[in-house]
Amino acid sequence: MSAQPREQWASRLGFVLAAVGSAVGLGNMWRFSYLTAENGGAAFLLLYLAMTALVGLPVLLAEFAVGRGAGKSPVAALEHFGGRAWRPLGMLFVASGLLILAYYSVIAGWTVRYALEAILWGFSADAAAHFGHVTTGFLPVVWHLFFMALTIGVVSGGIKGGIERASLVLMPLLFVIVAGLAVYAATLPGASAGYAYYLQVDWDEILSPHVLADAAGQAFFSLSLGMGAMLTYASYLSGRDNLPNQSVWVAGTDFAVAFVAGLVVFPLIFVLGLQEEVGGSTVGALFITLPSVFAAMGGAGTVVGILFFVALVVGALTSAISLLEVAVASAMDTVGWQRRSAALVLGATITVLGVPAALSLDVLGLMDQIAGNVFLLAGGLGLSLFVGWRMDDPVAEAQAGAEGVRWFFLWRGLLRFVVPIVVAAILFGVTIPDTIAAVRAFGG
Ligand code: PHE
């Protein structure tokens, strides 16, 4: 065990904004938009909302309760409440964090490049060619490296001086930009067609198990659940916070940002009638469609596009630091490393892991499928079983500081029955078979 006293958040707002910072990221703008486009618009939005409320929110509160109760990072926290048998689940969390950040940083690297290039030269008229240029060859590795260096820098600064400070500045900035863009998008000629696609439910779509699985995976990914990021952030709390309240704030804000991002993206896409292109989507669709809209819109498009990409970079950075923090905190708690060396060594490892994703879009997509979907769902399943069935008194842990709240029986019931059954059905019924098929397709 380390002799370093445990760090703490300086303020309640700091903790909440850091948790929101972890949640809000590329997942809300890039992943959410392309999944929504791919899965028929409003039907997906509705399922995603349901998953966030019924599955995401209870797991979020569970992570908060375990993290604060143990005051330790995942591996040690699970051992604290459940004994050594639960350590492997903590290790799965750390592994997920490493793998997700490895490809997440590659996409973030493209984003930084898009933002800087747009500031210097505007958007290229041939967006598809430009995307090909940004994602092939050796340069994506360099931008990935650059983004990882930023992430390592913030995490090295620690909880108060690094993560909290960055979140307090960056998150309000992101909210203002995204809200401003949504207001602007409402004035565009294609806006109503975009809204119709985004908000009018097609009830036939909603029944597909694949859409359901994507919605569940996205709820976990977007709320940073199933890999201990929220658990780790809560481990730096001191005790009197109202965790149920804060879970609702974090989940609500995360959903709101994704929703508003959709109010930006869909009108923009429909201005040029590009919905067909995005419909048969891959990870790259948004990086082609949106810039081509920005380029076609002239000066205003350039300004809007720059703001859009700046918001993406901001969201990506505050999420990436939480991904790295899980591994760093684990190394500090379990093997007694210093924060700085842990951030550097683990950050360098992640950078190397991300190189294959930087060199190949197919590898990147596969890593997202495996770590971003399978691992997070598996981690969330494990955590709900742990808190629902193994922990002696999870309600006491969640309730400290929230004595007036009455819906803990509901929370426990969701964690014991609804979450494990829904997540297991999706994981074993859809996500794992889909992933095996994707791996086979990749190999052959
Ligand atoms: N929630 C982040 C996003 O939406 C990604 C993330 C996933 C961060 C898992 C931490 C853990 O972009």
Side-chain angles (χ1 to χ4, degrees), residues 17-36 48 51-52 56-57 59-60 63-64 67 73-74 92-111 147-148 151 154-155 163 166-167 170-171 174 178 214-234 247 250-262 283 286 311-330 346 350 354 364 367-380 383:
L17 282 186
V20 168
S22 169
V24 171
L26 296 172
N28 299 59
M29 301 169 78
W30 157 78
R31 207 175 188 271
F32 168 76
S33 307
Y34 94 70
L35 286 175
T36 307
Y48 168 62
M51 285 292 169
T52 300
L57 190 57
V59 175
L60 178 60
E63 288 210 19
F64 278 172
S73 54
L92 172 71
F93 286 178
V94 175
S96 307
L98 299 178
L99 279 177
I100 293 176
L101 182 51
Y103 71 83
Y104 195 87
S105 163
V106 171
I107 305 167
W110 305 340
T111 312
F147 186 81
M148 280 305 301
T151 307
V154 177
V155 171
I163 299 177
S167 308
L170 294 177
M171 292 322 292
L174 182 144
V178 176
D214 276 349
Q218 177 61 10
F220 274 85
F221 187 90
S222 189
L223 279 172
S224 309
L225 296 177
M227 50 75 64
M230 294 300 185
L231 188 162
T232 305
Y233 273 10
S247 316
V250 172
T253 311
D254 183 57
F255 180 81
V257 174
F259 181 75
V260 176
V283 290
L286 277 188
L312 268 180
V313 170
V314 164
L317 183 62
T318 52
S319 297
I321 58 188
S322 75
L323 284 158
L324 181 56
E325 178 62 20
V326 172
V328 167
S330 303
L346 293 163
I350 294 167
L364 191 154
M367 285 174 80
D368 184 42
Q369 175 71 14
I370 294 173
N373 270 331
V374 176
F375 283 19
L376 293 187
L377 287 172
L383 191 87

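Atoms within a ligand are numbered from 1 in the order they appear, just like the ligands themselves. Any value given below was found using the heavy atoms of this structure, including those in side chains, with hydrogens, waters and symmetry copies removed. Nothing here was measured: the structure is a model prediction, and the numbers come from that model.
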Could I get the full list of ring-ring contact (aromatic ring centres under 6.0 Å, His included) partners for Tyr103, not counting sequence neighbours?
none
So, Asn373 versus Asp368: side-chain donor-acceptor pair below 3.5 Å or not?
no
Check ligand 1 for N or O atoms under 3.5 Å from a protein N or O and list each pair with its distance.
from: ligand 1; atom 1: 1 (N); to: Ser22; atom 2: O; distance (Å): 3.1
from: ligand 1; atom 1: 1 (N); to: Ala23; atom 2: O; distance (Å): 3.0
from: ligand 1; atom 1: 1 (N); to: Phe221; atom 2: O; distance (Å): 2.8
from: ligand 1; atom 1: 1 (N); to: Ser222; atom 2: O; distance (Å): 3.1
from: ligand 1; atom 1: 1 (N); to: Ser224; atom 2: OG; distance (Å): 3.0
from: ligand 1; atom 1: 4 (O); to: Ala23; atom 2: O; distance (Å): 2.9
from: ligand 1; atom 1: 4 (O); to: Gly27; atom 2: N; distance (Å): 3.3
from: ligand 1; atom 1: 4 (O); to: Asn28; atom 2: OD1; distance (Å): 3.4
from: ligand 1; atom 1: 12 (O); to: Leu26; atom 2: N; distance (Å): 3.1
from: ligand 1; atom 1: 12 (O); to: Gly27; atom 2: N; distance (Å): 2.8
from: ligand 1; atom 1: 12 (O); to: Tyr104; atom 2: OH; distance (Å): 2.5

Tell me, please, which residues at least two apart from Phe375 pass ring-ring contact (aromatic ring centres under 6.0 Å, His included).
none
Nearest-0.5 Å distance, CG of residue Asn28 to CD of residue Gln218:
7.5 Å
What residues form a ring-ring contact (aromatic ring centres under 6.0 Å, His included) with Tyr48, not counting sequence neighbours?
Phe32, Phe255
Mind running side chain to side chain donor-acceptor pair (under 3.5 Å) on Ser224 and Ser22 for me, showing each step along the way?
CA-CA 7 Å; Ser224 309; Ser22 169; 2.8 Å; yes
